Amino acid sequence: MRFKREIILEGGDQDRVTPTLAEVAKTAGGSAFSTNQEEALVTGRVDVIVHSLKDLPTTVTEGTTLLTTPGPREDVRDVLCGATLDGLPEGARLGTGAPRRVAQLLALRPDLEVVPIRGNVPGRLARTTKGSLDAVVLAAAGLNRLGLMPEVHQVLDPVAFPPSPGQGALGIQVRTDSPAARLLGGTGDPQVDACVRAERALLAELHGGCSVPVGAWGRVESDGLLHLSAAVTSLDGAAQVTGAGSGPLDDPEKLGACVAADLLAQGAAGILAAIRKP
């Protein structure tokens with residue numbers, strides 16, 4: 001079997017100027033990082049798509065399916081690059097374009113000045129040494145894969161800073177019942193798959209995406225159960241609700257829905273509604 005790689009650029013790859021991915025997605029008329037690839041899959045131009053799962057909407061295009069998530073999963077955590085939280089002076093300038101990261105950081109350090117930035121990893125890291133930023137926040141997964149973890153950094157605790165649902169995981173998308181689906185159907189890691197399915201189920205229940213500050217972290221602990229913790233935070237960090245739960249690995253969607261219901265009961269709907277107002 002021979003595989004041929006085809007690179008397909010998305011709106012989020014081509015537009016490096018617009019400060020937030022939510023605005024890019026609106027301009028592109030779909031997802032900032034999956035619309036063109038899914039079209040190529042449906043039309044038969046490609047047979048398999050490899051996604052960064054955190055960038056893929058919770059509902060995939062009709063006629064396609066996500067295979068069991070491959071493992072091992074990369075580090076799910078976020079990394080503060082160029083400084084530590086305790087070492088940042090009052091009013092420090094911190095770069096990130098992700099609403100979730102903005103909200104979670106301001107919940108802990110409301111004095112920070114958050115500057116929206118986008119671009120590739122080396123370019124964003126350079127803003128801390130050659131630019132006007134004191135620090136930037138990036139995913140540990142990307143830093144590890146590129147071998148670019150900076151000397152001065154702080155890996156953020158995923159309990160206090162739950163990552164984007166699916167962060168650190170790959171998503172393998174194929175046409176339903178295609179030869180590629182049959183060929184790759186036995187691959188994947190069931191434990192990793194259960195974790196990301198719980199996270200994505202929670203996000204779906206909250207009607208969220210990359211433009212809303214929802215964090216979720218699923219993991220299998222020593223008791224053999226699937227554990228899920230999550231947070232919804234207002235963009236200014238002033239309001240935050242958190243929830244956690246556990247359950248069997250064979251029903252991750254139920255766990256995601258239960259933790260989402262807990263968040264909604266605490267007022268998550270109000271936080272998200274305020275963010276979605278035009």
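Since the model is a prediction, treat every value here as computed from it, not as a measurement.
Checked against salt bridge (charged side-chain N to carboxylate O under 4.0 Å, His left out), Arg145 has no partners two or more places apart in sequence or in another chain.
Among Leu133, Val121, Val137, Val136, the single residue meeting the side-chain contact (heavy atoms from CB on, under 4.5 Å) criterion with Cys81 is Val136.
Under the 4.5 Å side-chain heavy-atom criterion for grouping Ile, Leu, Val, Met, Phe, Trp and Tyr, Leu106 is not connected to Val115 through any hydrophobic cluster. If you chain together hydrophobic residues whose side chains sit under 4.5 Å apart, Leu143 and Leu85 never meet in one group. A continuous path of ILVMFWY side-chain contacts below 4.5 Å connects Val196 to Val60, so both sit in one hydrophobic cluster. The same ILVMFWY cluster, assembled from side-chain heavy atoms under 4.5 Å apart, contains both Leu67 and Val50. One hydrophobic cluster holds both Leu226 and Val259 under the rule that ILVMFWY side chains link at heavy-atom gaps under 4.5 Å.
Using a 4.5 Å heavy-atom threshold, the side chains of Leu138 and Val79 count as separate. Two residues are said to be in side-chain contact when any heavy atoms from C-beta on lie closer than 4.5 Å; Leu202 and Leu263 meet this criterion. Here the side chains of Arg200 and Leu56 are in contact, with some heavy-atom distance below 4.5 Å. With contacts defined as side-chain heavy-atom distances shorter than 4.5 Å, the pair Leu66/Leu53 qualifies. Using a 4.5 Å cut-off on side-chain heavy atoms (C-beta onward), Thr187 and Pro70 make no contact. Side-chain atoms of Leu105 and Phe161, non-hydrogen and from C-beta on, do get closer than 4.5 Å to each other. The side-chain heavy atoms of Leu9 and Asn36, taken from C-beta on, include no pair separated by under 4.5 Å. Side-chain atoms of Leu272 and His207, non-hydrogen and from C-beta on, never get closer than 4.5 Å to each other.
The existence of a salt bridge linking Glu6 and Lys4 is excluded, since no basic side-chain nitrogen approaches an acidic carboxylate oxygen closer than 4.0 Å.
With hydrogens and angles disregarded, a donor-acceptor distance shorter than 3.5 Å links the side chain of Arg93 to the backbone of Ser132. In this structure, Asp189 contributes its side chain and Pro72 its backbone to no donor-acceptor pair below 3.5 Å. Between the side chain of Arg175 and the backbone N or O of Thr43 there is no donor-acceptor pair closer than 3.5 Å.
At a cut-off of 3.5 Å, with distance as the only test, no side-chain donor of Thr96 or Arg124 sits close to an acceptor on the other residue. A donor-acceptor pair shorter than 3.5 Å cannot be found between the side chains of Asp86 and Thr84. A donor and an acceptor atom, one from each side chain of Thr64 and Gln173, are located under 3.5 Å apart.
The line from NE2 of His153 to CG of Leu148 is 12.5 Å long, rounded to the nearest 0.5 Å. Once rounded to the nearest 0.5 Å, the distance linking CG of Leu125 with CG of Asn120 reads 9.0 Å. Here OG1 of Thr233 is found 7.0 Å from CD1 of Ile271. Values are rounded to the nearest 0.5 Å.
When the shell of 6.0 Å around CG of Asp223 is examined, it contains more than 12 heavy atoms from other residues, nucleotides or ligands. Residue-environment remark: CD (Glu221) exceeds the threshold of 12 foreign heavy atoms within 6.0 Å.
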Can you list the steps and then say if Arg101 with Ser164 is a side chain to side chain donor-acceptor pair (under 3.5 Å)? CA-CA 9 Å; Arg101 290 172 177 153; Ser164 291; 5.9 Å; no
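Residue Val76 shares its hydrophobic cluster (ILVMFWY side chains chained together at separations under 4.5 Å) with Val159, Trp217.
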